[in-house]
Protein chains: 2
Amino acid sequence: MAATLHDVARLAGVSIKTVSNVINDYPHVRAETRERVEHAIVELGYTPNLTARNLRSGRTGAIALAIPDLSLSYFAELAAAVIAAAEDAGAVVLVEQTDGDRDREIELLKSPRLKLTDGLIFSPLGMSQEDVAFLDVPYPLVVLGERIFDGPADHVTMRNVEAARAATEYLIAGGRRRIAVVGAHEGELVGSAALRMQGYREALDAAGIPFDPEIIGYTTLWHRSNGATTMRALLDRGAEFDAVFGFNDTLALGAMRVLQESGRRVPDDVAVIGYDDLDEAQYSIPSLTTVHPGQDWIARTAVASLLERIAGNGEASPPRLMLADYRIVERESAPPAAATR
Amino acid sequence: MAATLHDVARLAGVSIKTVSNVINDYPHVRAETRERVEHAIVELGYTPNLTARNLRSGRTGAIALAIPDLSLSYFAELAAAVIAAAEDAGAVVLVEQTDGDRDREIELLKSPRLKLTDGLIFSPLGMSQEDVAFLDVPYPLVVLGERIFDGPADHVTMRNVEAARAATEYLIAGGRRRIAVVGAHEGELVGSAALRMQGYREALDAAGIPFDPEIIGYTTLWHRSNGATTMRALLDRGAEFDAVFGFNDTLALGAMRVLQESGRRVPDDVAVIGYDDLDEAQYSIPSLTTVHPGQDWIARTAVASLLERIAGNGEASPPRLMLADYRIVERESAPPAAATR
DNA sequence: ATGAAAGCGCTAACAT
DNA sequence: ATGTTAGCGCTTTCAT
């Protein structure tokens, strides 16, 4: 079996306290003693039992990340950034998938499995504003996304309304007037879809362009296939438009594919803009103009904020809202104003 | 602070053993006692301290998954499948990213951070055959991929040679004779690239088609951009071919984009086949014909095999090699023989 | 500078 | 059917 402090102590002829001192870099250890202990550690291949250490210290050095589904590129890229940021801070990440299911999300929040971790970074999808009370949990929590606001926990998210407005204005500046939407959510109030819709309408209003419900494509999920299906439905009902705002990149890519199949040229006949700036947005044909919403910053900020709360040892301080900056990434599917047509 | 067994016992007026019995569904507890204890548990909001339980039992209920990078779609989809399979088995997954760096991979194998888990599913990329000894670790380990064979651990992987041969034969059956490769690795012996290359050559040999180094595109990484760059290099040096075998889907998609930019039609001028069957292969234009290598089966098998080893409590039994079945997924970028040209 | 010993919260062997 | 108690391996007072 694995060696313990006692084994090392016995071999080095000291007490376990001394071994512990050596391991934890306690300064007052005689050089000669330290060397003997270090020798014993190497000889026995001793490595500390983290579970025991955790029990004693009440910390595990692990944080949990709960997201809907890793096979969605957006969340995969987010998780990659969170894990990298956590590693830099010496923490390790346990990933849970909720499938965006409200019940699973709520269950997860109270799951004792979380006891394995010091805190949680939580990206809800099924829960909504009325579930805000479930976020009042007895451990450090950072919430991502826009399903829930004014909760009792720290919140890191993006400027959806502003960014969506900027995306729409970008299309308008490029001379487009009939801008279709792909990915609207029927009746939603606070989700990403609702906020991006709001930004879209603000831009139209500001430009004096009337809102036309005929060119709004609704969908439930935001996968590639939904983008394709929604665009097909728009075309089938004879909707006319010269631009498309996909509420995320995968929707935009799915929609773009259907547009091209139908014989329309992108961007000549229809300009397309997405949202998320996924890696693959660079490699589609044409490459996808999109909104870069600052995922990296979100990931780093979420980790830093969570670790701060953990280090703060449950001292209550008011929940913070942190907003990432965005920018429009100009690519081929919607060239900048000067280059249009 | 969180309630403990003692608090519950005191409130219920029983000993901690009885509380423990209730929690662990030990049968011999009087119904009335059980009820009292359950009441106390609810009242105090007691949840067991998993760290303490782990220290006692020597198990954590968590497994580690080490992959190069979650932002690579293949690994994201693999991780999604592993986490789902683990959850079904009641285990939780800690994800580590190695960046495919040999030193980090080796370091990770001996990292005490793994003590937080019961075992490891490891997908090396930087390590190679000569590092096989590092796989001899004192905890349950399952290795994925084809960097290392005949190691001391269970190994779950795919039939690379056969699948690559089948992919090449599929193109040949479609009437193609000059089949370019995108993603070969210079001088590699046992990696995925080498194995797929071997399958490619076997297919050529069987069909009596001479091997032409001129149409082999080398690269180091397998990202989208490498596919694009490699294809550009092939075109720049005037290579002529009527088909492309991308050693993975992202390479194939990157290459396909460059082909189309250069004015070549896919599949009419050049047929393209990939490998991995990523979700996005369905949504490219044209959709990508590819090899489905059985990732789901690999994930499920890896988890099951690891949990078996963990349950087996370190009893040595010979390492097993498990191979997933593959199949060709016929899509537009390389239509089946009957439909060609 | 080092040692002895308590205890983190739990499980399980043993006792009643 | 339930209680007592000894650890799991570590950190950490408190002594010396």
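As the structure is a prediction and not an experimental result, all values here were calculated from the model.
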Exercise for the section: Sugar-phosphate atoms are those with a prime plus P, OP1 and OP2; base atoms are the rest. Using that split, label each nucleotide of nucleotides 2-8 of chain D B, S or - for protein heavy atoms under 4.0 Å, 5' to 3'. Expected result: BBBBBBB

Rounded to the Å, how far apart are [X] [atom1] and [N] [atom2]?
X        : N      : atom1 : atom2 : value
B/Asn24  : C/dA13 : CG    : P     : 13 Å
A/Arg53  : C/dG7  : CZ    : C1'   : 17 Å
B/Asp25  : C/dA12 : CG    : P     : 13 Å
B/Arg59  : C/dA12 : CZ    : P     : 11 Å
B/Leu116 : D/dC10 : CG    : P     : 14 Å
A/Leu50  : D/dC10 : CG    : C1'   : 11 Å
B/Glu32  : D/dA1  : CD    : C1'   : 12 Å

Exercise for the section: Look at all strands and tell whether B/Asn54 reaches a base, only sugar-phosphate, or nothing, counting heavy atoms closer than 4.0 Å. Expected result: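 Counting heavy atoms under 4.0 Å across all strands, no contact is made by B/Asn54.
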
Exercise for the section: Determine: side-chain N/O of A/Ser20 to OP1/OP2 of D/dT11, distance under 4.0 Å, yes or no. Expected result: yes

Counting only N and O atoms by type, is there a donor-acceptor contact under 3.5 Å from the side chain of [X] to the main-chain atoms of [Y]?
X        : Y        : answer
A/Thr60  : A/Asn54  : no
A/Asp69  : A/Ser71  : yes
A/His155 : A/Gly145 : yes
A/Asp131 : A/Phe134 : no

Problem - More than 12 heavy atoms of other groups within 6.0 Å of A/Asp150 CG - result: no

Practice task
Considering only NZ, NE, NH1 and NH2 on the basic side and carboxylate oxygens on the acidic side, decide whether B/Glu105 and B/Arg147 come within less than 4.0 Å.
Solution key: no

